[in-house]
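Data block below; observations after.
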Number of protein chains: 2
Amino acid sequence: MSESVEHPRKANIHDVARRAESSPATVSRVLSGSSYPVSEAMRRRIVEAAAELNYTANAIGRMLKTNDTHEIGVIVPTIANPFYAQIVVGIEKEAKERGYGMLLCNTLRDATDEDRYVETLFGKQVMGIALSSVAVDHARLRALQRKGLKVVFIDQEPSDANSGKVGLDFIRGGMLAAAHLLSNGHRSCAYFTAPLDKRSRVEVLEGFRLEHALRGRSLDPRHVLVDEREEESEESVYEFECGRRLARRFLALTGRPTAVLAANDMIAIGAMQEFAARGVSVPDDVSVVGYDNIMLASLVRPGLTTVDPRSNEIGRLACRALVDMMEGETPEIRHVKVEPVLVERGSVKRPRA
Amino acid sequence: MSESVEHPRKANIHDVARRAESSPATVSRVLSGSSYPVSEAMRRRIVEAAAELNYTANAIGRMLKTNDTHEIGVIVPTIANPFYAQIVVGIEKEAKERGYGMLLCNTLRDATDEDRYVETLFGKQVMGIALSSVAVDHARLRALQRKGLKVVFIDQEPSDANSGKVGLDFIRGGMLAAAHLLSNGHRSCAYFTAPLDKRSRVEVLEGFRLEHALRGRSLDPRHVLVDEREEESEESVYEFECGRRLARRFLALTGRPTAVLAANDMIAIGAMQEFAARGVSVPDDVSVVGYDNIMLASLVRPGLTTVDPRSNEIGRLACRALVDMMEGETPEIRHVKVEPVLVERGSVKRPRA
DNA sequence: GTGAAAGCGCTAACAG
DNA sequence: CTGTTAGCGCTTTCAC
């Protein structure tokens, strides 16, 4: 039953040379786009012979010789999460433009796999790795960096002069939201968040506060509503429920604010849903701003005004930094923060007088 | 300015051999996990030397020698679409278990890029490609298959005895939905869909009809509601709006059915939203079933009962078929259809008597 | 302008 | 059990 059909051996550079009555060296020069001078006649013969033989250069041979794979490794928790999917697409776009291929690894948050992936990628001779994952063994990574591996961290603290880093500017995002709300005439704002154990959640709050301060205002501590419940079930389901719970607490507040910033869109949408269920109109009775700009934000009614972290751009920049490092460019742009941007939809309005 | 720090040359197999006072062959045997007998003492010395030198085998060298990269190529439109993201994650899980790496390519629906990707992957000596993209040059693909490339198509018509294929069983999905509705006592059902220019939309309808027939029922043609509007704007936004329009038409029907199957979740959710806005209760006044099981389906109120195509499983099977083909396994399982599954939530209920 | 030859790092005969 | 050797497909001196 083992009917392994014999395939015609793939043509190699010698085959092409023979057919074009030339030599491997010259074929290589022509087909790899070298600038080395080759006569027009010879060039034509070679191109023709290659076409006839259906020749495709073996990249492995080239890689071994040149010691340059033109590939980068990318490690993320999982592209099932749209945020990472966007980043990866951004990375790939940039990589494609620069002529690099991408080796993608989803760790699914398994620390063991993560380390294994780093090792495998290094073995495959990628010269650079972009990663957004916390559990990697940094000691090992350092060791590999000493052997020439370039590393760019995405949305992560630990970095150093030898690594690149692309950060998300949550503080700026919080400021953006505050600026939008305050300049729309809101004099009292609330912040909705799940427990403050993630950097993003606290930094958004920081920015929110900061912008208030910059405008001579302050955020009433009683208006910072932190959900107590632990994260059970799936993340987004949890966040949605969290938004509903916080909305109920919000409605019970005396001297209730006229606007809310939520730490992320799912919380905002949960809150909006609860408001609607209780006859509180968004944006007439209360304005809501989210964070993340997930697809859903454009679908709910009213559309959710939210802060977009520009994940695509994050990927692009990460890749750019990485490739620059690999190609020995100046490391000036090694540490970037991507500026988030406010997307206005219908969930914010000036408060009633 | 060109401060290219000199990195210590990576150790190679000769370095390890020298340090362990052995030979490259033996080092290879030990470090590549060959079953070739090597004395314990020697083995230990080699492992130790490798560790001291921080040795990582160069996979490129091995690939060139063995003519086996242990890598597969994956081509999809874009992982920004969660459906494809799920598939890719499924592929990768399976690939990881089987010891294969993955080269991911997002075509972003650019036909030119698609062909280029196929070529590049082939040049990189992947022995197999899984692809879910329509625009590939099939003539070229056939040519590469003749050179031994294995191909698995995902959710696509054109296939043949030489290629693998993993299909989605939309017909079965439609049947599942009908069975659920009918056995819950619904005697009159409707189908909501965007224009019938996609295979999925017509096959789901087919299945829906078929199951009716199998139970001696029939689907009233006037209850097949097809949106006329062309797809403008973003896909999911369009579908959402489409659901709302169809819901309005549905409510105007005389002898209105008690249940609805939507061609996909976004349409179903749009319809639910419209129903709610018009005081029609789901599931009390009308039951709704969706298709796709997107994350959102579990978040809306009531939860949307829907057909899950099991994209993750699709990816797994695609990869399994591919690797089997690459490893010369029997091709029995070459053409698979993945059985969808009904996920029950709160949007379906027996109709009022 | 062209070709011969060496060699990238590894594994697999083969010989001992 | 261990080592020597050849060579995977390519690029790149170097010599002509």
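Sequence lines set the chain letters: A, B, ... in the order given, protein chains first and strands last, and positions in each chain run from 1.
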Does Y36(B) get its side chain close enough to the base of dT2(D), under 3.5 Å, for a donor-acceptor pair? yes

Atom CZ in R320(A), atom CD in E97(A): separation rounded to 0.5 Å? 8.0 Å

Could I get the full list of side-chain contact (heavy atoms from CB on, under 4.5 Å) partners for N12(A), not counting sequence neighbours? R9(A), H14(A), D15(A)

Taking only N/O atoms, report every protein-nucleotides 8-11 of chain D pair under 3.5 Å with atom names and distance.
unit_1	atom_1	unit_2	atom_2	d
dC8(D)	O2	K65(B)	N	3.3
dG9(D)	N2	G61(A)	O	3.1
dC10(D)	OP1	Y55(A)	OH	2.5
dC10(D)	OP1	N58(A)	N	2.8
dC10(D)	OP2	I13(A)	N	2.5
dT11(D)	OP1	R62(A)	NE	2.5
dT11(D)	OP1	R62(A)	NH2	3.0
dT11(D)	OP2	S28(A)	OG	2.6
dT11(D)	O5'	S28(A)	OG	3.4
dT11(D)	O2	K65(A)	NZ	3.3

Candidate pair N106(A) and K93(B), rule side-chain hydrogen bond (donor to acceptor under 3.5 Å, both in side chains), full reasoning: CA-CA 9 Å; N106(A) 293 289; K93(B) 275 189 201 152; over 6 Å; no

Hey, does S34(B) reach any base, or is it just sugar-phosphate, or nothing, if we go heavy atoms under 4.0 Å? nothing

Considering every strand and a 4.0 Å limit on heavy-atom distances, what is the contact class for M63(A): base, sugar-phosphate, or nothing? nothing

What is the distance from [atom1] of [X] to [atom2] of [N], rounded to the nearest Å?
X      : N      : atom1 : atom2 : value
D68(A) : dG9(C) : CG    : C1'   : 16 Å
R44(B) : dT2(D) : CZ    : C1'   : 17 Å
E21(A) : dA4(C) : CD    : C1'   : 18 Å

Polar side-chain atom of T26(A) near backbone of S22(A) as donor-acceptor pair, under 3.5 Å: no

Between T26(A) and dG1(C), does any side-chain N or O lie under 4.0 Å from OP1 or OP2? no

Give the intermediate values and the outcome of side-chain hydrogen bond (donor to acceptor under 3.5 Å, both in side chains) for residues N67(A) and R62(A). CA-CA 8 Å; N67(A) 192 25; R62(A) 173 180 296 149; over 6 Å; no

Would S163(B) and Q145(B) count as a side-chain hydrogen bond (donor to acceptor under 3.5 Å, both in side chains) if you check the C-alpha gap in whole Å, the side-chain angles of each, and the deciding distance to 0.1 Å? CA-CA 8 Å; S163(B) 315; Q145(B) 284 181 302; 2.9 Å; yes

